[in-house]
Amino acid sequence: MQNIKKTQQVSFKFPDSKIPVQNSPRDGFLVIENVSKVYQTPKGPYTVLEEVNLDVKEGEFICLIGHSGCGKSTLLNMVAGFSEPTDGEVRLQGEAITEPGPDRMMVFQGYALLPWKTAFENVYLAVNSVYPKKSESQKVAITRQHLAMVGLTEAADKKPKQLSGGMKQRVSIARALAIRPQVLILDEPFGALDAITKEELQEELLKIWTDHRCTVLMITHDIDEALFLADRLVMMTNGPHAKIGEVLEISFPRPRDRTRIMEDPEYYKLRNYALDFLYHRFAHDDAS
Amino acid sequence: MSVSITPRKKRNKQAVGFLPGLLADKKSRKIVAPIIAIGFFLIVWQLFSFGPDANLPGPIKVVSQTWELIINPFFDKGATNKGLFWQIFASLQRVAIGFTLAAIVGISLGIVVGTNGFLFDALDPIFQVLRTIPPLAWLPISLAAFQQANPSAIFVIFITSIWPIILNTIVGVQQIPQDYVNVSKVLQLSRREYFMDIVFPATVPYIFTGLRIGIGLSWLAIIAAEMLIGGVGIGFFIWDAWNAANISQIILALVYVGVVGLLLDKLIGFIAAKVVPDEQK
């Protein structure tokens with residue numbers, strides 16, 4: 001536990017890497033400032049997160065990694081507006097986030113599709129609610145277009161029960177993107193999928209992100225997934241009193257090709273560094 | 001359905017007779033087996049009623065003594081002297097009014113209380129006490145309040161059937177998965193959309209469980225209430241027959257009461273099958 005106290009948020013760079021320090025003018029698009037979250041429990045206050053600071057640039061793809069219980073979901077829930085920080089502030093374009101809204105759409109861990117609605121109806125519900133002024137045919141067109149984008153034109157009239165896990169996640173992504181959020185929040189979206197579907201969806205997500213360029217915050221447990229997708233990998237220390245341990249810049253050129261990246265020696269440096277962080281320096285309590 | 005671990009024996013299809021054949025087929029067994037059971041019951045009943053000091057008539061005597069009532073359910077000789085159809089119809093009318101009111105009030109109240117933590121904490125203990133009060137215990141209160149027999153009976157139906165409807169609706173609302181609530185929050189659904197697209201479909205199976213229990217209870221209550229308040233109705237018909245020492249009529253009425261109760265339950269089940277989304281069953 002001692003080393004946790006020493007850790008500060010540092011933008012990690014390899015001494016030998018040539019990552020340029022980016023200071024784009026769009027800095028401060030999404031700002032997480034001194035955020036702490038304390039839950040009151042019968043045994044007294046329980047501090048999940050303490051003094052978390054993160055600046056996210058517009059259009060950036062951020063992955064969060066950390067052991068379970070480190071407050072990743074708590075942090076993203078505060079960005080989504082489901083809960084408010086006990087201390088500090090989350091700001092989107094300078095405005096404090098106080099409640100959930102479609103500008104920060106979430107792809108939920110369990111897909112959160114309404115089981116009594118078809119894939120089409122699930123997406124349409126979102127479109128209809130967010131664009132009340134558009135005509136019926138426009139809303140239908142937007143819905144169809146986004147279902148097509150994730151390759152679900154055929155399955156549009158199926159209900160979630162008839163869809164595989166990967167297809168459900170596609171519907172969930174289509175629903176999220178159809179309302180053009182400024183920030184897309186994904187809570188471990190591919191955790192429950194098999195390896196092949198997972199890779200397919202990662203590639204689709206990356207392609208869609210390249211086309212639409214929204215800001216992405218994504219929780220993952222998979223270092224390879226993060227290295228393939230993210231611009232930066234935020235590594236969290238263990239809870240309680242979790243904070244951002246280090247932020248790893250991932251500067252592989254885009255569009256990224258999985259095989260090419262994996263051949264890059266840099267890939268293994270980053271990977272080993274992240275592994276070392278997670279399994280040695282901040283090994284989970286069970287393991288230590 | 002039972003799960004058999006040992007492999008099923010192959011049936012010898014050539015050797016089976018007519019009845020064993022019907023029983024071997026699972027579908028026809030559903031019909032044939034109860035008929036056998038009823039037949040067996042009637043025979044035993046008949047045998048018991050042959051005894052010298054039997055107080056109750058056997059099935060043959062019941063049918064012969066009530067034959068007029070069986071073949072002629074629609075007669076109407078004024079006052080309470082009406083055919084069994086009209087007696088049951090009168091009871092069903094009371095149930096329909098009382099139960100419909102209970103459903104409307106119960107579902108609305110259940111949704112409000114289920115979505116409001118304060119109201120739930122405030123009212124749940126009261127509901128838990130009130131629901132244990134037997135239907136007939138409400139009758140004197142309701143007679144005192146309404147001063148008339150018919151509204152009192154309807155109130156007893158209402159107050160009997162409302163508790164399971166309220167309590168099940170509350171549970172239904174409270175069990176709406178947090179994910180669905182979060183979806184509605186992030187999409188900022190209007191209250192109407194939230195209710196129609198999320199609360200109602202998620203809660204409707206629970207509502208129907210409550211309605212099904214409620215209709216059963218209200219049919220139980222109406223018979224008892226009518227015995228006390230009199231007038232046209234199957235409950236008072238039974239009481240009237242008892243005063244006339246006509247046991248056969250009572251037995252016939254009991255059969256009708258049972259069948260109607262079953263049909264009411266099936267009716268709610270049928271509506272539920274139409275209304276509840278497939279995914280929620």
Side-chain angles (χ1 to χ4, degrees), chain A residues 73 76-84 97-119 121-132 139 143 158-163 168 171-172 175-188, chain B residues 1 107 110-111 114-118 120-121 168-212 268-281:
Chain A
S73 295
L76 289 203
N77 276 337
M78 287 189 282
V79 176
F82 291 128
S83 68
E84 282 190 61
I97 290 166
T98 54
E99 59 167 8
D103 54 335
R104 288 154 282 126
M105 184 58 185
M106 191 139 184
V107 172
F108 296 90
Q109 202 165 7
Y111 319 124
L113 301 174
L114 302 177
W116 43 84
K117 286 182 175 291
T118 63
E121 289 166 344
N122 264 291
V123 179
Y124 187 84
L125 177 73
V127 174
N128 187 41
S129 178
V130 174
Y131 303 119
K139 287 184 278 194
T143 307
K158 289 191 176 159
K159 294 199 174 156
K161 228 180 202 174
Q162 299 162 276
L163 301 173
K168 280 186 229 174
V171 178
S172 186
R175 173 175 67 184
L177 290 166
I179 59 173
R180 288 280 173 278
Q182 293 182 300
V183 181
L184 179 66
I185 301 168
L186 302 108
D187 189 351
E188 234 188 292
Chain B
M1 260 203 254
I107 293 169
I111 286 176
T115 44
N116 186 315
F118 172 76
F120 176 75
D121 287 341
N168 277 283
T169 307
I170 290 176
V171 173
V173 171
Q174 287 176 339
Q175 63 71 46
I176 297 176
Q178 189 58 38
D179 266 2
Y180 303 167
V181 178
N182 284 346
V183 167
S184 83
K185 279 187 187 161
V186 78
L187 294 177
Q188 294 177 339
L189 295 184
S190 66
R191 283 196 77 82
R192 206 189 70 86
E193 282 173 315
Y194 176 58
F195 181 79
M196 293 307 291
D197 290 320
I198 292 175
V199 175
F200 186 70
T203 313
V204 77
Y206 292 81
I207 292 176
F208 271 96
T209 306
L211 291 177
R212 219 161 163 168
I268 300 290
F270 176 77
I271 298 171
K274 295 278 167 204
V275 176
V276 178
D278 287 341
E279 293 66 33
Q280 285 289 95
K281 281 171 189 163

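Below, chain A is the first sequence line, B the second, and so on; all start at residue 1.
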### Query
So, do B:Tyr194 and A:Ser129 sit near enough that their side-chain heavy atoms are less than 4.5 Å apart?
no
### Query
Between atom CG of B:Asp197 and atom CG of A:Asn122, what is the distance when rounded to the nearest 0.5 Å?
9.5 Å
### Query
Between A:Met106 and B:Val186, what is the shortest heavy-atom contact and its length?
N-CG2, 4.4 Å
## Note on the structure
Applying a strict 4.5 Å limit to non-hydrogen atoms, the region of A:Gln109 in contact with chain B is neither
### Task
Select one option (side chain, backbone, both, neither) describing which atoms of A:Arg175 are under 4.5 Å from chain B's heavy atoms.
side chain
### Query
Any side-chain heavy atom of A:Glu99 sitting closer than 4.5 Å to one from B:Lys185?
no
### Message
Can you tell me which of A:Ala80, A:Gly81, A:Gly110, A:Pro100 forms the most heavy-atom pairs within a distance under 4.5 Å of chain B?
### Response
A:Pro100
### Query
To the nearest 0.5 Å, what is the distance between CG (A:Leu113) and CG (B:Asp179)?
9.5 Å
### Query
What's the spacing between A:Trp116 CH2 and B:Tyr180 OH if we round to 0.5 Å?
5.5 Å
### Query
Which distance, rounded to the nearest 0.5 Å, do you find between the CD of B:Gln188 and the CD1 of A:Ile179?
9.5 Å
